[in-house]
Amino acid sequence: MNSAVGGRFPDLNIVINEAVDCRNYFVHGSNPKFDYTKSGITMFFTDTLEFIFAASDLIEAGWDVNAWIEKGTTMSHRYGSYRVGYEANLAELKTLLLEANTNDIA
């Protein structure tokens, strides 16, 4: 997936890993890295998992994801909203991870 979208979704692997950890917390009761109910990060994780599963199938079916990335969006589809909000959500995630790591050290 990362190779298909180039640099448009930086640190996507980090986001995916954290989304899976969050899912495991809610499904299996795993230890959280931080409070997943703090902020809207859980929705970002849900949107990420939905996006990567669907987009990977679409790419395999011939979808030109780069053409989609280059086009503007009317924000009428969830993936357009995901694309537009990705960087802000990634920044929030990095802040939460930094705070969690700082609290572990203290």
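Residue indices begin at 1 and follow the sequence shown. Values below: all heavy atoms of this structure, side chains included; hydrogens, waters and symmetry mates excluded.
Between F53 and F51, the ring center distance fails the sub-6.0 Å criterion.
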Carefully, step by step, assess V65 and R8 under the rule side chain to side chain contact (heavy atoms under 4.5 Å, CB included). CA-CA 11 Å; V65 66; R8 182 56 186 98; over 6 Å; no

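A continuous path of ILVMFWY side-chain contacts below 4.5 Å connects L12 to L97, so both sit in one hydrophobic cluster. In the hydrophobic clustering of this structure, M43 does not group with I41; members are Ile, Leu, Val, Met, Phe, Trp, Tyr whose side-chain heavy atoms approach within less than 4.5 Å, directly or through other members.
Taking the side chain as every heavy atom from C-beta outward, N17 and V20 never approach each other to under 4.5 Å. Inter-residue side-chain proximity for L96 and E99 is flagged as met; some heavy-atom pair is nearer than 4.5 Å. Two residues are said to be in side-chain contact when any heavy atoms from C-beta on lie closer than 4.5 Å; L93 and V15 meet this criterion. The closest side-chain heavy-atom distance from Y86 to N89 is not below 4.5 Å. Residues L49 and F45 have side chains not in contact (no heavy-atom distance under 4.5 Å, counting atoms from C-beta outward). At a threshold of 4.5 Å between non-hydrogen side-chain atoms, the residues F44 and E18 do not count as touching.
The NE2 atom of H77 sits 11.5 Å away from the CZ atom of R83 when rounded to the nearest 0.5 Å. Taking CZ from F9 and CD1 from I16, the interatomic distance works out to 10.5 Å, rounded to the nearest 0.5 Å. Atoms OG1 and CZ, on T42 and R23 in that order, are 14.0 Å from each other to the nearest 0.5 Å. Within the model, atoms SG of C22 and CZ of F34 stand 7.0 Å from one another, a figure rounded to the nearest 0.5 Å. How far CD1 of I69 is from CG of D64: 9.0 Å, rounded to the nearest 0.5 Å.
Shown here are the salt bridge (Lys or Arg N to Asp or Glu O under 4.0 Å) partners of D21, two or more places apart in sequence or in another chain: K33. Residues passing the salt bridge (Lys or Arg N to Asp or Glu O under 4.0 Å) test with R78 are D47, E50, sequence neighbours excluded. Taking the ring-ring contact (aromatic ring centres under 6.0 Å, His included) definition, one finds that H28 meets it with nothing, sequence neighbours left out.
Across all their heavy atoms, Y79 and A54 have their closest contact at OH-CB, 2.8 Å.
Remark: the backbone N or O of D35 is not paired with any side-chain donor or acceptor of Y25 at under 3.5 angstrom.
A donor atom on one side chain and an acceptor atom on the other are found under 3.5 Å apart for Y82 and T48.
Aromatic ring orientation, Y36 versus F26: tilted (interplanar angle from 30° to 60°).
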